[in-house]
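Below, chains carry the letters A, B, ... as their sequence lines are ordered, and counting in each starts from 1. The figures that follow rest on heavy atoms only: side chains count, while hydrogens, waters and symmetry mates do not.
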Amino acid sequence: MKVRFAPSPTGALHIGGARTALFNWLLARHNGGTLVLRIEDTDRERSTSENVEQILDALRWLELDWDEGPVFQGERADRHHEALTALLQSGHAYRSSATAADVAAYKRLHGAERGFRGEPEQEGAVRLHVPAGGTTVVHDAIRGDTSFEHVHLDDPVIARADGSVLYNFAVAIDDLDAGITHVVRGEDHLSNTPKQLLVLQAAKAAGFGADAPEPTYAHLPLLHGPDGKKLSKRHGAASVQELREAGYLPEAVRNYLALLGWGAGDDATVMSTQELVKRFELERVSRNPARFDETKLRWLDGIHIRELSVSELAGRLLEFLRVADPAAASAAEADRQLLAGAVAISQEKIQTLADFWPLARFFFTGVADDEAARERWLGERGVAVLGDARTELSSAASFDIEAVEAALASVVERHAAKPREVYQPVRVAIAGTTISPGIFESVALLGREETLRRIDTALAG
RNA sequence: GCCGCCAUCGUCUAGGGGACUAGGACGCCGCCCUCUCACGGCGGUAACACGGGUUCGAAUCCCGUUGGCGGUACCA
């Protein structure tokens, strides 16, 4: 089995493209096949090397590795030209100067459902000669058979007047030459498939790759935004890069993307990549388009975060912060032990890597400035309680979580207070805000000295 | 316009003629846990687009309608 992922470098790798890459990767890995990465850069206007780099980067981040390539379509121009010449000479293709307007005129004359047929000329773009009658059937592993009657198909332009080839031609020749056995791509290519099949057959008839297998096709349902429209920036993260910047884990993204259009068949939702590889089957891919819903990704990301070891998570966090917030990264890195402690007590409270710093920064950079929190919890009673808490904490025999809890609990008891009437003032004193990891854990991690200092500062304010 | 694909809870989906008073997950709501925020546990809300067939029987098969999407470029 040989499959390929063939993005065109006209922009960043979008989520839909990432899903296509993932499905190809899963299929190859599940079957012990080969994955070829091909860059379809026949659009010279919009293809850039920056985009190529970005796509490779996104694939690496997703940890989707490939076995061959990247092959650049542009570098295969000679081979394409060779094939084109063969089609021209064998009469499977012809030159025509017909324009889009000519095609429209033809249809007005013969009916809209009638495919355009041009007259061979000496010059002009190259069109493939589509048979007058008959049908091309696409055998799709996901959708079954789809028939396209030739009479409805226009003779497609396969090369520009200058001889440079177009997508539908290059794809067919490249798949043929590479010996691709399974073409797995978005459903937007389904209507292109008969053209590619026709190119394939013509090429074979002209002596090109006569013994190469005709690939099996599989068209994945398209991905849409939450509103059912095309996925775009205004839906939040639309590219892999944005997912990364939002703090998602690549394994969570793989897990979520795999669920968009595919399911194991039982009720499995949370799956490791290893499990995805083991269970993935093309035949189980759905035919309905799916919407990309970030809420579920967030939930899944939280699940995967909780499956990481503390040191692994700390490493990921640092890696994330170095890009997202270098100052935070160096602050966190300065005290590895504090970092490990903060990560351990934050792990079950965060859903993405981006959630960590806002929750735990007070350990590293001091209390936050939240006036509303002070007003609410450090009033007369709050201060009185806080003073008592200070006394208890300073005289506690030890300063581990249990000791801190015992010390603060005694304050609760003495004041006949609700727990929160003691814990919230302490929280605001050490964190500056009303939201933090568990109060006993936080105080213990901060240590006696720093805790007392922060309480004193709060008391003085 | 023409050609094609698709149609189950708000979302992702299970379902391939009787096992369906339609299952799971996210979300949402309620309860429990509880020091905040989360996590976790329990319970609840919510769907077969519509109309015709076929059949003893249809979410499942066929046709039509409607809707969504894609293609229709000397883009990919």
Side-chain angles (χ1 to χ4, degrees), chain A residues 6-10 40-47 73 96-100 103 107-108 111-116 124-127 138 140 143 146-149 151-154 156-168 170-171 186-195 219 221-222 224 226 228-230 256 259-270 286-293 295-300 302-303 306 346-351 355 359 373 377 405 408-409 412 418-424 426-428 431 433-440 442:
Chain A
S8 72
T10 53
E40 314 227 300
D41 54 356
T42 48
D43 183 342
R44 297 157 302 183
E45 301 290 302
R46 298 187 297 157
S47 300
Q73 221 159 33
S96 162
S97 60
T99 61
V103 173
K107 299 208 177 216
R108 272 195 300 276
E113 71 290 337
R114 180 84 166 271
F116 173 77
V126 181
R127 285 184 187 268
V138 176
D140 191 292
R143 285 153 212 280
T146 302
S147 303
F148 294 87
E149 289 181 53
V151 67
H152 297 310
L153 260 36
D154 293 337
V157 176
I158 54 177
R160 301 180 178 94
D162 66 7
S164 60
V165 300
L166 261 23
Y167 171 75
N168 282 126
V171 159
E187 193 208 303
D188 48 340
H189 289 292
L190 183 57
S191 306
N192 288 147
T193 308
K195 300 174 203 169
H219 289 94
L222 258 23
H224 295 131
K229 301 287 186 224
K230 202 168 164 298
Y256 178 68
L259 259 19
L260 253 28
W262 176 81
D266 55 17
D267 293 328
T269 301
V270 179
S286 150
R287 288 181 301 276
N288 332 356
R291 299 180 189 209
F292 178 79
D293 174 19
T295 333
K296 193 162 181 176
L297 207 210
R298 283 191 69 84
W299 166 76
L300 210 42
I303 301 282
R306 263 156 244 126
S346 302
Q347 185 166 23
E348 69 175 24
K349 295 178 181 291
I350 60 176
Q351 284 189 304
D355 293 342
L359 183 72
W377 293 105
E405 177 165 10
L408 293 180
V412 171
K418 288 178 186 164
R420 65 198 312 233
E421 291 175 313
V422 173
Y423 302 147
Q424 283 300 74
V426 174
R427 193 187 309 278
V428 172
T433 68
T434 55
I435 298 174
S436 81
I439 191 64
F440 314 130
S442 295

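Taking atom C1' on both nucleotides, A14(B) is separated from C26(B) by 15 Å, rounded to a whole Å. Here the separation of A58(B) from C2(B), taken at their P atoms, is 34 Å to the nearest Å. When the C1' atom is compared between G44(B) and C9(B), the two are found 14 Å apart, to the nearest whole Å. Between G53(B) and U21(B), the distance separating the two C1' atoms is 27 Å to the nearest Å. The separation of U60(B) from A19(B), taken at their P atoms, amounts to 13 Å, rounded to a whole angstrom. Taking the P atoms as reference points, C35(B) lies 48 Å from A49(B), given to the whole Å. Rounded to whole Å, the separation between the C1' atoms of A38(B) and U65(B) comes to 49 Å. Between G51(B) and U45(B), the distance separating the two P atoms is 25 Å to the nearest Å.
A close approach under 4.0 Å does not occur between any side-chain nitrogen or oxygen of Ser436(A) and OP1 or OP2 of C37(B). The side chain of Asn288(A) contributes no N or O atom lying less than 4.0 Å from OP1 or OP2 of U13(B).
Between Pro194(A) and Glu149(A) there is no side-chain heavy-atom pair separated by less than 4.5 Å. Side-chain contact between Val270(A) and Leu300(A) is present, with heavy atoms from C-beta onward closer than 4.5 Å. Counting heavy atoms from C-beta outward, Thr10(A) and Glu45(A) have side chains that stay 4.5 Å or more apart. Between Leu297(A) and Phe292(A), some side-chain heavy-atom pair lies under the 4.5 Å cut-off.
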Evaluation steps, side-chain contact (heavy atoms from CB on, under 4.5 Å), between Ile158(A) and Asn168(A): CA-CA 7 Å; Ile158(A) 54 177; Asn168(A) 282 126; 5.5 Å; no
Worked verdict on Lys195(A) versus Tyr167(A) for side-chain contact (heavy atoms from CB on, under 4.5 Å): CA-CA 11 Å; Lys195(A) 300 174 203 169; Tyr167(A) 171 75; over 6 Å; no
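In this entry the distance linking NE2 of His224(A) with P of A7(B) reads 14 Å, nearest Å. One can place CZ of Arg298(A) at 18 Å from C1' of C12(B), the figure rounded to the nearest angstrom. As rounded to whole Å, 11 Å separates atom P of A73(B) from atom CG of Asn192(A). Glu421(A) places its CD atom 12 Å from the P atom of U36(B), with the value rounded to the nearest Å. Distance Ile439(A) CD1 to C37(B) P: 13 Å, rounded to the nearest Å. We find that CZ of Arg44(A) is positioned 14 Å from P of C74(B), with the value rounded to whole Å. In this structure, the NZ atom of Lys418(A) is 14 Å from the C1' atom of U34(B), given to the nearest Å. The CZ-C1' distance, from Arg291(A) to C69(B), rounds to 11 Å in whole Å.
A25(B) is paired with U11(B) under the criterion used here, namely a Watson-Crick or G-U wobble arrangement in which both key atom distances are under 3.5 Å. Nucleotide G70(B) forms a pair with C3(B), judged by Watson-Crick or G-U wobble geometry with both contacts under 3.5 Å. In this structure, A49(B) and U65(B) make a Watson-Crick or G-U wobble pair, each of the two defining distances being under 3.5 angstrom. Across the strands present, A59(B) finds no partner; the criterion is a Watson-Crick or G-U wobble pair with both atom distances under 3.5 angstrom. Figure legend. U34(B) is base-paired to no nucleotide; pairs are counted as Watson-Crick or G-U wobble with both atom distances under 3.5 Å.
For the side-chain contact (heavy atoms from CB on, under 4.5 Å) test, residues two or more places apart in sequence or in another chain that qualify with Arg114(A) are Tyr106(A), His110(A), Val151(A). Listed by chain and residue number, Asp162(A) satisfy the salt bridge (Lys or Arg N to Asp or Glu O under 4.0 Å) test with Arg44(A) (two or more places apart in sequence, or in another chain). Residues satisfying the salt bridge (Lys or Arg N to Asp or Glu O under 4.0 Å) test with Arg46(A), not counting sequence neighbours, are Asp43(A). For the side-chain contact (heavy atoms from CB on, under 4.5 Å) test, residues two or more places apart in sequence or in another chain that qualify with Asp355(A) are Arg298(A), Ile350(A), Gln351(A), Thr352(A). Listed by chain and number, the residues in a side-chain contact (heavy atoms from CB on, under 4.5 Å) with Ala98(A) are Ser96(A), Asp102(A), Phe116(A), Arg127(A) (sequence neighbours excluded). Asp140(A) is linked by a side-chain hydrogen bond (donor to acceptor under 3.5 Å, both in side chains) to His219(A), counting only residues two or more places apart in sequence or in another chain. Applying the salt bridge (Lys or Arg N to Asp or Glu O under 4.0 Å) test to Asp154(A) and every residue at least two apart in sequence or in another chain returns Lys107(A). In this structure, Asp188(A) has no salt bridge (Lys or Arg N to Asp or Glu O under 4.0 Å) partners at least two apart in sequence or on a different chain.
Between the side chain of Lys349(A) and the base of C39(B), no donor-acceptor pair of N or O atoms lies under 3.5 Å. On a pure distance criterion of 3.5 Å, no polar donor-acceptor pair joins the side chain of Asp355(A) and the base of A38(B).
Contacts with RNA chain B (heavy atom under 4.0 Å) in residues 160-167 of chain A: Arg160(A), Ala161(A), Leu166(A), Tyr167(A), listed by number.
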Distances under 3.5 Å between nitrogen or oxygen atoms of protein and nucleotides 25-29 of chain B:
from, atom 1, to, atom 2, distance (Å)
A25(B), N3, Lys296(A), NZ, 3.1

For nucleotides 2-5 of chain B, print each protein N/O atom paired with a nucleotide N/O atom at under 3.5 Å, atom names and distance only.
from, atom 1, to, atom 2, distance (Å)
C2(B), O2', Ala112(A), O, 3.3
C5(B), O2', Arg143(A), NH1, 2.5

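Nearer to the 5' terminus of RNA chain B, by closest-nucleotide assignment, is the contact made by Leu260(A) (compared with the other of Leu260(A) and Arg306(A)).
For Lys195(A), counting side-chain heavy atoms from C-beta on, the closest listed nucleotide (A7(B), U36(B), G71(B)) is G71(B). Nearest nucleotide to the Arg420(A) side chain, out of C75(B), C35(B), A73(B): C35(B). Listed nucleotides: U36(B), C6(B), C74(B). Nearest to the side chain of Pro289(A): C6(B). Closest to the Tyr423(A) side chain, of the nucleotides U13(B), C35(B), A76(B), is C35(B).
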Sequence-aligned protein contact record of nucleotides 41-50 of chain B, with B where the base is within under 4.0 Å of a protein heavy atom and S where only the sugar-phosphate is: ----------
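Side-chain atoms of Tyr256(A) come within 3.5 Å of backbone atoms of Asp293(A) as a donor-acceptor pair (strictly under, hydrogens ignored). A donor-acceptor pair under 3.5 Å is formed between the side chain of Arg427(A) and the backbone N or O of Pro437(A). At distances below 3.5 Å, not a single donor-acceptor pair connects side-chain atoms of His224(A) with backbone N or O atoms of Arg291(A).
Residue Pro7(A) is classed as having no contact, given no heavy-atom separation below 4.0 Å to the nucleic acid. Note on Gly438(A): a base of the nucleic acid sits closer than 4.0 angstrom, heavy atoms only. His189(A) comes within contact range of at least one nucleobase, with a heavy-atom separation under 4.0 Å.
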